[in-house]
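Report on the following structure.
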Amino acid sequence: MRLLSIVGFLGLVSAAHALHFYLDANQKRCFIEEVPSDTVVEGHYTALEWGEGEQKYRVNPELGIVVEIEENESNHVVAKTTGPSDGRFTFTSHEAGDHSICLSTNHTSWFSHTHIRLSLDIVVGSTRPDVEHDRSHVSEVANKVRDLNQKLEDIRREQQYQRERESDFRNLSEATNAKAVWYSIAQIVVLVGTCAWQLRHLKRFFEDRKMR
């Protein structure tokens, strides 16, 4: 499954994804998120374990969730944490591109038959680490102004990322066109040289015939 952080114009401001999936013990589930550089990504997950006695999913205080974030291009591990069954994680992208977000349980036994139901919410572009604390110190108007400034900053970073991709594509196209031009010039030179050699050869041939 691939999650895309760009969905039209609204996706340039902030992207949020809500997932619901199942996970067995000793199983890892990964998702790919395309993130611009220097962007904060926040995630919130809730895990429930299947109880055979109750025949329903329930909270297990001993259950832990391992979260690992990795840059796909460089294979650099951005973050790796182990949290409770209901927890959060936050990381800041260093490079623009695809990031793998992998979740697994802390069960280590290969014979465990634990079944987990996981809910995962991912928000890209958020930079408010402590909203409640901010609200207690600033007015509602100041919060709205700060949020607007942050959204504009997110738009600027996304536009810069798109310009970089367009520049790379343009450079590649220009390099390909230049190679094609030089190849055509080389063909013309070879053809002209071949024609000149053939004409010279024919000229000598007829001169020899004439002398005879």
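A side-chain donor-acceptor contact under 3.5 Å links E158 and Q162.
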**Q.** Worked check of side-chain contact (heavy atoms from CB on, under 4.5 Å) between R88 and T90
**A.** CA-CA 7 Å; R88 297 178 180 271; T90 304; 5.6 Å; no

Q: Apply side-chain contact (heavy atoms from CB on, under 4.5 Å) to E95 and H76, showing your working.
A: CA-CA 10 Å; E95 299 290 340; H76 170 67; over 6 Å; no

(Q) I'd like to know whether K144 forms a side-chain contact (heavy atoms from CB on, under 4.5 Å) with D147, so could you lay out the CA-CA distance, the side-chain angles of the two residues, the decisive distance to 0.1 Å, and finally the verdict. (A) CA-CA 5 Å; K144 291 182 179 179; D147 292 343; 5.5 Å; no

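Nearest heavy atoms, E33 versus I101: CB-CD1, 4.3 Å. Scanning both residues, F21 and R29, for their nearest heavy atoms gives CB-NH1, 3.9 Å. A pairwise comparison of heavy atoms in H44 and G87 identifies CD2-O, 3.1 Å as the closest pair. Here the closest heavy-atom approach between residue T105 and residue L23 is recorded as CG2-CD2, 4.0 Å. When all heavy atoms are compared, the tightest approach of I116 to Y57 is C-CE2, 4.3 Å. Looking at every heavy atom in both residues, V59 comes nearest to S85 through CG1-OG, 4.1 Å.
The distance from the SG atom of C102 to the CD1 atom of I32 is 9.0 Å, given to the nearest 0.5 Å. Atom CG of L202 sits about 9.0 Å away from atom CH2 of W197, to the nearest 0.5 Å. Residue L63 holds its CG atom at 9.0 Å from CG of L48, rounded to the nearest 0.5 Å. With rounding to the nearest 0.5 Å, the separation of CD in Q160 from CD1 in I155 is 14.5 Å. Remark: H115 NE2 to Q27 CD distance equals 10.0 Å, nearest 0.5 Å. The distance from atom OG1 of T92 to atom CD1 of I69, rounded to the nearest 0.5 Å, is 10.5 Å.
Between the side chain of S167 and the backbone N or O of R163 there is no donor-acceptor pair closer than 3.5 Å. Between the side chain of S93 and the main chain of P36, a donor-acceptor pair closer than 3.5 Å is present. Using a distance-only test at 3.5 Å, with no hydrogens or angles considered, no donor-acceptor pair links the side chain of T176 to the main chain of E174.
For E62, the CD atom sits in a loose shell: 12 or fewer heavy atoms of surrounding residues, nucleotides or ligands are nearer than 6.0 Å. Other residues, nucleotides and ligands contribute over 12 non-hydrogen atoms within 6.0 Å of the CZ atom of R117. E73 CD: 12 or fewer foreign heavy atoms inside a 6.0 Å radius.
Annotation: side chain of W50 is not in contact with side chain of R58 (no heavy-atom distance under 4.5 Å). No side-chain heavy atom of W182 sits under 4.5 Å from any side-chain heavy atom of K179.
Ion pair R165/E34 flagged as a salt bridge, since at least one NZ, NE, NH1 or NH2 atom sits closer than 4.0 Å to an Asp/Glu carboxylate oxygen. We find that R157 and D154 are joined by a salt bridge, their nearest charged nitrogen and carboxylate oxygen being less than 4.0 Å apart. Ionic pairing of E153 and R156 is present here: one or more N-O contacts between side-chain nitrogen and carboxylate oxygen are shorter than 4.0 angstrom.
When the side chains of ILVMFWY residues are joined at heavy-atom separations under 4.5 Å, either directly or via intervening members, L191 and L199 end up in two distinct hydrophobic clusters. Residues F91 and F31 fall within the same hydrophobic cluster, defined by Ile, Leu, Val, Met, Phe, Trp and Tyr side chains chained together at heavy-atom separations under 4.5 Å.
The only member of I122, D121, L120 that meets side chain to side chain contact (heavy atoms under 4.5 Å, CB included) when paired with Y45 is L120.
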